[in-house]
Number of protein chains: 2
Amino acid sequence: MAVTLTDVAARAGVSPATVSRVLNGNYPVADATRRRVEKAVRDLDYVVNAHARALLHATSGLVGVILNDIADPFFGAIARGIQATAAEMRRLVVLCSSSADSSSEFAYIEVLRRQRAEVVILVGAAPEDAAYRREMAGHVRGLRAQGARLVLCGRPAPNPHTAAASVSFDDLGGARALASHVVSLGHSAVAYVAGPEGRTTGTQRRLVFAKALSECGVSLDPALVVAGDFSRQSGVDAVRRLLASGASFTAVCCANDLMALGAMAALREAGLRVPEDVSVTGVDDVPSAQDVTPGLTTVRLPLEEAGRRSLALAFSGHDFGSPVVLPTELVVRSSVVAPSAASARRKLA
Amino acid sequence: MAVTLTDVAARAGVSPATVSRVLNGNYPVADATRRRVEKAVRDLDYVVNAHARALLHATSGLVGVILNDIADPFFGAIARGIQATAAEMRRLVVLCSSSADSSSEFAYIEVLRRQRAEVVILVGAAPEDAAYRREMAGHVRGLRAQGARLVLCGRPAPNPHTAAASVSFDDLGGARALASHVVSLGHSAVAYVAGPEGRTTGTQRRLVFAKALSECGVSLDPALVVAGDFSRQSGVDAVRRLLASGASFTAVCCANDLMALGAMAALREAGLRVPEDVSVTGVDDVPSAQDVTPGLTTVRLPLEEAGRRSLALAFSGHDFGSPVVLPTELVVRSSVVAPSAASARRKLA
DNA sequence: CTGTTAGCGCATTCAG
DNA sequence: CTGAATGCGCTAACAG
């Protein structure tokens, strides 16, 4: 069915080896021969078989990326960075959406091992339980045994001596800037919409937020903490629950922007104004954070850069040096204002 | 370096052929033997080499997707649909972002041919010029010659007898619903922020919009048409130009949501209120359309479904039957209201 | 400069 | 039920 190198050789009246040499260009070939081969390639519309090649080289040059959901702007931005860098390096990206399901995550790793991927990048939150970590550690060993490079982007290593490069964000720095902004404006009853429990990003963001808040002299009241799953809808649900509980608060800080968007919608649905009655914050700085009204005050994560750096690290040779921690930045828009006397009163009513 | 099937055979004390049969399970193997082999596989942490397999089968089972920008929610939603269906079919998705550049698009097609992709899905706008069409037609032939199935998602075929499945949207239906909504509210001076000229989606959406508008008795004034490139920023720029030109209008209809978001920002920056002074509409119904204030009135495209259908079509056997046209739907939110006398006056001032 | 040979890892004949 | 042999398409020695 498909045209092979041998077909080209026959047509050009040379040996397969010569065709190979012309194609790869790293070997001296007479000009006339070269031209004849090139013509045959065009005539036959020949395209090399990457699999035959990969069989010889023991690696395919594929870059595998495993993430939760490609339609989520957080992952989309990281994927764009990876993709852009991969294109520069003439590498192909294999994207796998695991839907945050660890068994399909493992299944994808297996597939990438089958494909003899050169680099595997694991992006975003991972489960925290020991069983997961143990299984992942095994897969990591398998990947390494095949010579694949592993990069952890926005997630911790499954265990301390994992052989992997790592790119993450200065979450604590961002949380501190955010907490100090909110607290200095006068908020002390602040609610928190957390990410999913039992997954690294959710836990990590909650911990740094609580810490940053307490450094500002405000402690995070457990009764004011509700969890979502990072989706917009879960932000809506979380705030509804918060409101139904009768708790009183003047600000809602969310573990990511999508939930903050949902939180704003739920607040308004309950007849509350943002920011006059309740202030709202997010984390990530996804594009829509600037389009909502009021503009969402959030912590900007250099997502695209994280993607670029992840791949660069994989190809840098000194892969497993110190982890890269990217700086974060507070982005002040209009969703946080000082709590008004009116709002305080309303809350108490 | 890597463990091979032969290693497993040696360890289990059987022939390579037997290991292969155990692995593929389509052949009778004695229970005891099977167990020994399975143990050896586990002990050695053996993973088949997909390339060796692809070499035998002449296809890799890879699904290649070429799109403009994975971080754009339009493409993100389609990619999610493709990815979900691919996972069900136990296929791997290779995602390629071409940045709307035709030479890198062709380069990716070549790479996918090298990989002996089973299915190639081309998503979104394509250039309209004859040179592009001719070159693409050649690549299509090459793909076919290798037995790859081609799907066009949201773009027309390069020529009438292209052997490809096709999934698209009922653009005209959506435009009609939208135009009639806008016109029936009383708008007659409507501006249009078009997509890029010379690319199919931009042209197509502009044509159907103009047609739908004229069916409602309003003609699209060329002086009120400005073009962007589907990005948010280009929507901002387009509306600034419109405003600077001194043109007068009571509604701005945009070729997609992202530009509509930019348009709203630019309008507000100029001190105009949306929708009181100027109504705004989009197309796509991306997630942020519901989060802006006012909510964006738009035409919903079943993006994720388009992705699912594209892949389903590729595997359905009767690939090249009639093109699938997915229905679109007007989503009325709050960004369109009747033009007020005040706004009309302001425009004339 | 070019042809011949061998083998990458696997699945599939064909024989036992 | 199992083993030996063959070849998928290509490149890297090794000879000429």
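Throughout, protein chains are lettered first and strands after them, A, B, ... in sequence-line order, and every chain is numbered starting at 1. We use all heavy atoms of the structure for the numbers below, so side chains are in, but hydrogens, waters and symmetry mates are not.
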Look at R113(B) together with D45(A) and state whether they make a salt bridge at an N to O cut-off of under 4.0 Å.
-> yes
So, are D129(A) and R133(A) salt-bridged, with charged N and O less than 4.0 Å apart?
-> no
Pairwise distance CZ(R309(A)) to OG1(T85(A)) - rounded to 0.5 angstrom = 10.5 Å
Atom CG of D7(B) and atom P of dC8(C) are separated, to the nearest Å, by 11 Å
Drop me the distance from I78(A)'s CD1 to E305(A)'s CD, to the nearest 0.5 angstrom.
-> 11.5 Å
Taking atom types as modelled and ignoring hydrogens, do the side chains of S103(A) and D101(A) form a donor-acceptor contact shorter than 3.5 angstrom?
-> yes
Using a 4.0 Å heavy-atom cut-off, write out nucleotides 8-16 of chain D from 5' to 3' as B (base contacted by protein), S (sugar-phosphate only) or - (no contact).
-> BBBSBB---
Establish, with yes or no, whether the OP1 or OP2 oxygen of dG3(C) is under 4.0 angstrom from a side-chain nitrogen or oxygen of T18(A).
-> yes
From CD of Q115(A) across to P of dG9(C) the rounded distance in Å is 16 Å
What is the distance from CZ of R34(A) to C1' of dT2(C), rounded to the nearest Å?
-> 13 Å
Which is it for F75(B) and F230(B) under the ring pair (Phe, Tyr, Trp, His ring centres under 6.0 Å) test, yes or no, and what are the steps along the way?
-> CA-CA 12 Å; F75(B) 293 105; F230(B) 285 137; 8.8 Å; no
